[in-house]
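Chain identifiers are assigned alphabetically (A, B, ...) following the order of the sequence lines, protein sequences preceding nucleic acid strands; residue numbering begins at 1 within each chain. If you're wondering where the values come from, they're calculated on a predicted model, not measured in any experiment.
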Number of protein chains: 2
Amino acid sequence: MNRKDNVTQDEPSGPLMADVARLAGVAISTVSRALANPGRVNEKTRAKIDAAAKQLGYTPNAMARSLRVGKPNTIMIILPGSLYYGASQIIPQVLQSINKSLIKAGYNLMIANLDRDETSERYILDLAFGGTARGVIILSSKLPEVDGRSLAQAGLPVVSMLLDMSDAGTPSVVTNDRAAVRAVSRELVGLGHRRFFYLAGPEGNYHDVERYAGVVEALAEAGLGEDAVVRSGGSLDYQQGFRIGLEGVADFEALENRPTAVIATSDDMAISFMSGIRKLGLRIPEDVSVVSFDGSPVCAFCTPPLSTIEQPVEEMGQAAAALLLEAIENGPPTPASCTVVPSRLITRESMAPPALSR
Amino acid sequence: MNRKDNVTQDEPSGPLMADVARLAGVAISTVSRALANPGRVNEKTRAKIDAAAKQLGYTPNAMARSLRVGKPNTIMIILPGSLYYGASQIIPQVLQSINKSLIKAGYNLMIANLDRDETSERYILDLAFGGTARGVIILSSKLPEVDGRSLAQAGLPVVSMLLDMSDAGTPSVVTNDRAAVRAVSRELVGLGHRRFFYLAGPEGNYHDVERYAGVVEALAEAGLGEDAVVRSGGSLDYQQGFRIGLEGVADFEALENRPTAVIATSDDMAISFMSGIRKLGLRIPEDVSVVSFDGSPVCAFCTPPLSTIEQPVEEMGQAAAALLLEAIENGPPTPASCTVVPSRLITRESMAPPALSR
DNA sequence: TTGTAAGCGTTATCAC
DNA sequence: GTGATAACGCTTACAA
C-alpha cells in the first residue's frame with residue numbers, strides 16, 4: 001500500500017519526513033539536517049525543504065526522534081496524593097511555573113500522582129525506567145520504590161521541591177520555612193505575646209518540623225521555654241487543613257490559660273480556626289492574634305484580613321526547573337545542593353498586641 | 001561494544017528485551033509475547049521469562065512500543081492560560097480526577113497550557129501532530145490553530161470540559177450552568193427579592209452567557225424584566241475574580257436603588273464582594289443576600305458562610321475521561337454528545353429574605 | 001553539501 | 001509454541 005494512500009487509511013498518520021524529502025527532491029537525511037541544523041545545509045535546498053514541509057503541514061514525530069536519540073523530552077512531576085488544599089493554590093502555581101520554564105527549554109511536562117499505594121509507585125517507576133522521562137521533579141517526601149526498583153536507581157536527574165531532600169542526595173528547592181516562622185514569631189513576641197498556640201500539620205513532616213522549630217527558636221531568643229506554646233493538630237494531613245483548624249478551636253476553647261497568639265501552619269487551618277473562634281465570641285485580633293503560612297490570595301478577604309507567610313512558588317518553580325535542566329546537561333551537583341527561596345510575610349489585620357498588655 | 005558493558009557507559013539505559021531473552025534462553029519475540037499476551041505462550045517458558053525480567057529489573061521502553069504500535073499512550077490536557085483562581089480548586093480537582101481515570105486505563109497525562117500566544121499553540125499542535133498524544137481533553141474555549149494546522153485536523157479524539165463545544169463537533173462534558181443559576185435565582189425570588197445584582201465574568205464567555213441567561217429566565221418566570229438585574233463586571237477574566245468583586249462593590253455602592261440580592265458567577269467574586277460590602281457597613285444577609293458559583297470549600301468559612309453552587313468536578317473529570325477513552329476505542333460519537341452533570345446548591349447563611357419585605 | 005545505510009527498542013507477520 | 005525478520009519514523013556516521 002502506498003504511503004500516499006494514507007489519507008484514506010483508517011489511521012491517518014500525517015506526512016512523514018520521507019514525504020517532505022520526496023516533495024523537495026532531496027534525501028531524507030537532508031531534510032532531517034535542514035530541520036535540526038539549518039546551518040549545515042545549503043541555503044537553497046533548505047528553502048525548498050522548508051517550503052515542502054510547510055506545504056505538507058509536516059510535524060516531526062517526537063517519539064521516533066526520542067527513541068533514536070535516546071533522550072526523551074518529557075519531564076515527570078510527581079505530586080503528592082492530593083493536588084488540592086482548601087484555599088491555597090500552591091500546587092497549580094508550581095505546576096504552571098515549572099511548565100512554563102520547561103516548555104521554554106523544549107520539554108513537556110507529564111504529571112504523576114504519588115498516592116501511597118503500590119500501583120501509583122509502579123506507574124511512576126515504569127515511566128522512569130521505561131525511557132519516558134528525562135528527569136523528575138518531586139513534591140513528595142519519599143522516592144517511589146517498589147520490588148527492588150527505586151527512582152534513585154533510574155539514572156534520572158531528580159530535583160525535590162518544597163521539601164529539603166539534599167541530605168538524601170537529591171538537590172532541592174525549598175523556602176525558608178523555619179526562618180520565616182521564626183521571624184513572625186519574633187514579631188508576635190515583640191507585640192507582647194507570651195502564650196502561643198500552634199496549629200500543626202502531620203507530626204514529623206518536614207514542614208511541621210521546620211516550622212515548629214522556628215517558633216521554638218524565637219521563643220528561646222525571648223527567654224521563653226517550649227511550655228509557652230501549646231500544639232494542636234499533628235495527626236492530619238495538610239489537605240485536611242480546615243478540619244485541623246476546627247479541631248484546634250475545640251482544643252483552644254478547652255484551655256485554662258488561653259494563648260493570645262496563634263500560629264497556623266497553613267492558611268486553611270487559620271481560616272477555619274478564625275471562623276470558629278469568632279463563633280465563640282472571641283475577637284481577632286483583640287483577643288487572639290492569628291498568622292499563617294502559604295500566602296493564599298483569599299487571606300486578604302478574610303474576617304479580619306489574615307496575615308500570612310507567602311511562599312514564593314513562582315520562583316521556587318523556576319529554580320527547580322533550572323536545577324533540573326542543569327542536572328540534565330551536566331549531571332547532578334555533588335554534593336546535592338539546597339536552594340532556598342525566602343518567603344515573605346504579608347502583614348494584615350489579624351495580628352495585634354494582646355489585650356492584656358494594653 | 002557489548003550490550004553487557006552498558007553498566008559502565010556514561011548513559012546507562014537499563015536492561016533490554018534482548019537481555020531478558022538471552023537470560024531466559026528464548027527469542028526476543030517470545031519475550032515480547034510473554035509480556036503482552038501471557039496466554040499465547042507456554043506456561044513454563046513464560047515463568048522463565050518473568051523470572052529473568054524480574055531478576056534484571058526489566059522495564060519495557062514505552063516509546064519504542066508506541067512507535068512500533070503507532071499509538072502513543074499519552075493524553076494531553078489543555079488548560080486555560082492561568083491554572084489558578086483565588087480560592088476555587090477546579091483545575092487541580094479536574095486534573096486529579098482525569099489523571100486517576102486515565103492511569104487506570106493505562107494512559108499518561110501530559111499537561112499543556114494554552115496561553116493566548118502563538119508559541120503555546122504551536123507547542124500544543126506539535127504534541128498533537130507529532131505523535132505524542134493519543135487524545136486531548138481541552139478546558140479552553142478555542143481549539144488551537146496556527147499557520148494552517150488546527151487541532152481539529154490532527155485526527156485525534158478531543159473532548160471538551162466545562163465548556164459546551166458540541167455544536168462545533170467536539171463532544172463535551174459540562175455542568176448545568178444555566179439551570180443551576182436559574183434555580184438559585186428562583187429561590188431568591190421566592191425569598192422575596194426583586195432587585196438583583198449580577199457579578200459577571202468576561203462578556204460573551206460561555207459560562208457568563210449561560211449563567212446570566214439562568215438569572216433572566218428565573219426573573220421572567222416571576223414576571224420580572226431584565227431591568228430587575230444590574231450587571232457588574234464583564235471585562236475581566238475569571239482569574240481576576242477578586243478584582244471583579246471589589247469593583248462590584250463600588251458599582252453597588254453607587255447604585256440609587258440598591259439590589260437586595262447578589263449573584264456572583266464565581267466564589268472569588270463573592271468573597272471579595274462580601275468583604276467590601278461589610279466594610280461599607282452593610283450586613284449580609286440582612287441587607288444583601290449573596291450566592292455564588294463554584295463550590296470552593298473555603299466558602300464554608302466565610303463571613304457569613306457563603307451559599308454556593310458546587311461544580312461536580314470529580315464527576316465531570318471522570319465523564320470526560322470516559323468519553324475520551326470511548327472515542328479512542330470506537331471513534332467519536334456523531335453527532336457530538338454533550339454530557340451534563342448537574343451542579344448542586346450548597347445553602348449556607350448568606351441568603352435570607354430582604355429586609356424590606358419583613 | 002548531500003546521499004546511503006545502520007540503527008534506537010519494540011511489535012507483528014511470518015514460517016517453522 | 002517459538003524463532004527469524006521486517007517494520008515504526010527518525011538521526012547520524014560515513015561515504016560520495
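- The separation between A:Arg33 atom CZ and C:dT4 atom P is 11 Å, rounded to whole Å.
- Side-chain proximity of B:Leu67 to C:dT2, D:dC10, D:dC8: nearest is D:dC8.
- Counting distance only, with no hydrogens placed and no angle test, the side-chain atoms of B:Arg68 and the base atoms of D:dG9 include no donor-acceptor pair under 3.5 Å.
- In this structure, B:Leu35 places its CG atom 14 Å from P of D:dT2, rounding to the nearest Å.
- Against DNA chain D, the stretch residues 42-62 of chain A makes heavy-atom approaches under 4.0 Å through A:Tyr58, A:Pro60, A:Asn61.
- A 4.5 Å side-chain heavy-atom check between B:Ile103 and B:Asn108 finds every atom pair outside the cut-off.
- Separating the CZ atom of B:Arg40 from the P atom of D:dG3 is a distance of 15 Å, rounded to the nearest angstrom.
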Could you give the side-chain donor-acceptor pairs of residues 142-169 of chain A under 3.5 Å, partners two or more places apart or in another chain?
| residue | atom | partner | partner atom | Å |
| --- | --- | --- | --- | --- |
| A:Lys142 | NZ | A:Glu121 | OE1 | 3.4 |
| A:Lys142 | NZ | A:Glu121 | OE2 | 2.6 |
| A:Asp147 | OD2 | A:Arg122 | NH1 | 2.9 |
| A:Arg149 | NH1 | A:Asp126 | OD1 | 3.0 |
| A:Arg149 | NH1 | B:Thr59 | OG1 | 2.6 |
| A:Arg149 | NH2 | A:Asp126 | OD1 | 3.0 |
| A:Ser150 | OG | A:Ala152 | N | 3.1 |
| A:Ser160 | OG | A:Leu163 | O | 2.7 |
| A:Asp164 | OD1 | A:Ser166 | N | 2.9 |
| A:Asp164 | OD1 | A:Ser166 | OG | 2.7 |

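- Closest of all the heavy-atom pairs between A:Gly131 and A:Pro72 is O-CG, 3.3 Å.
- For the residue pair B:Asn113 / B:Tyr123, no side-chain donor-acceptor distance below 3.5 Å is found, with atom types taken as modelled.
- Dashed line: the shortest gap from a side-chain N or O of B:Thr30 to OP1 or OP2 of D:dG3 is under 4.0 Å.
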- [ ] Go through the steps to decide whether A:Val41 and A:Thr30 satisfy the test side chain to side chain contact (heavy atoms under 4.5 Å, CB included), and finish with yes or no.
- [x] CA-CA 8 Å; A:Val41 69; A:Thr30 308; 3.9 Å; yes
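- For the pair A:Asn37 and A:Ala64, both in contact range of DNA chain D, the more 5′-proximal nearest nucleotide belongs to A:Ala64.
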Task: Secondary structure string for DNA chain D (Watson-Crick or G-U under 3.5 angstrom, | for other-strand pairs) - done: ||||||||||||||||
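- Other residues, nucleotides and ligands contribute only 12 or fewer heavy atoms inside 6.0 Å of the NZ atom of B:Lys100.
- Expressed to the nearest 0.5 Å, how far CE of B:Met316 lies from CG of B:Leu139 amounts to 9.0 Å.
- Going from atom CD1 of B:Ile98 over to atom CD of B:Glu314 covers 10.5 Å, rounded to the nearest 0.5 Å.
- In this structure, A:Leu16 atom CG and D:dT11 atom C1' are separated by 15 Å, rounded to whole Å.
- Where B:Ile28 and A:Ser29 meet DNA chain D, the nucleotide closest to each residue was compared, and B:Ile28 sits on the side nearer the 5' end.
- The side chain of B:Val69 lies closest to C:dT11 when the candidates are D:dT12, C:dT11, D:dT11.
- Checking the phosphate oxygens (OP1, OP2) of C:dT11, a side-chain nitrogen or oxygen of B:Ser32 falls inside 4.0 Å.
- If you take CG on B:Leu127 and OG1 on B:Thr132, they are separated by 5.0 Å, rounding to the nearest 0.5 Å.
- In this structure, CZ of B:Arg65 is placed 15 Å from C1' of D:dA7, rounded to the nearest angstrom.
- Atom-to-atom, NZ of B:Lys71 to C1' of C:dA12 comes out at 14 Å; the value is rounded to the nearest Å.
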